[in-house]
Amino acid sequence: MKVRTGVSATGPLTEVYAPSPFLWDEPATATPPEFMLPAGGGFDFECTWTNTTPNAVKFGESADKEMCFFWAYYYPSIGSKVCFHTQQFGGASGVNECCPGGAYCGFIENQF
């Protein structure tokens, strides 16, 4: 798991979280120094894993599946949102969405 910040969608990235080694069963909790993202800035996160089996590993919430989540807290709050990215849909660029309010939110809203 690596988390980086950027000043724009195409700007250079600065690493803010990348524990080494990353322990999947006990990931390190980190509190980097406070920083501000400029308007148009954001986060980039990357998850990698090693599959030592001959089986395809897909997304899911069990021991034989994989998932990756990134949480961040910000101030001042403008309300909570759940944001996600997937390359399983949406062509080459995938889908970036934040809910509530996005076009794909109906697929996940009221599922909890």
Side-chain angles (χ1 to χ4, degrees):
M1 165 62 118
K2 293 181 183 178
V3 179
R4 297 176 285 271
T5 61
V7 296
S8 70
T10 59
L13 298 173
T14 301
E15 197 166 84
V16 294
Y17 178 79
S20 181
F22 182 84
L23 304 174
W24 73 270
D25 58 339
E26 202 59 49
T29 300
T31 306
E34 291 181 10
F35 58 89
M36 292 184 68
L37 292 174
F43 290 98
D44 175 79
F45 74 98
E46 172 185 346
C47 299
T48 57
W49 63 91
T50 302
N51 179 5
T52 59
T53 74
N55 304 320
V57 177
K58 296 182 178 185
F59 177 83
E61 297 179 12
S62 70
D64 61 349
K65 307 264 189 244
E66 284 295 337
M67 68 181 101
C68 179
F69 297 97
F70 160 62
W71 280 270
Y73 296 95
Y74 61 93
Y75 179 85
S77 174
I78 56 173
S80 62
K81 291 190 177 253
V82 173
C83 299
F84 63 91
H85 169 79
T86 181
Q87 290 183 299
Q88 294 181 3
F89 308 99
S93 61
V95 172
N96 293 299
E97 190 75 274
C98 288
C99 302
Y104 294 96
C105 296
F107 292 107
I108 64 170
E109 290 174 350
N110 301 318
Q111 299 297 313
F112 303 102

Closest heavy-atom pair, Gly102 versus Glu97, reported as atoms and distance to 0.1 Å, is CA-OE1, 3.0 Å
Rounded to the nearest 0.5 Å, what separates atom NZ in Lys2 from atom CG in Asp44?
10.5 Å
Could you tell me which non-hydrogen atom of Cys98 sits nearest to which non-hydrogen atom of Cys105, and how far apart they are?
O-SG, 3.5 Å
Please report the closest heavy-atom contact between Thr53 and Asn51, naming both atoms and the distance.
OG1-OD1, 2.7 Å
Considering all heavy atoms of both residues, which atom of Val57 and which atom of Glu66 are nearest to each other, and what is their separation?
CG1-CG, 3.4 Å
Note: Ser8 and Gly11 closest approach over all heavy atoms is OG-N, 2.8 Å
Taking Leu37 as the starting point, is it possible to reach Val16 by hopping between hydrophobic residues whose side chains are less than 4.5 Å apart?
yes
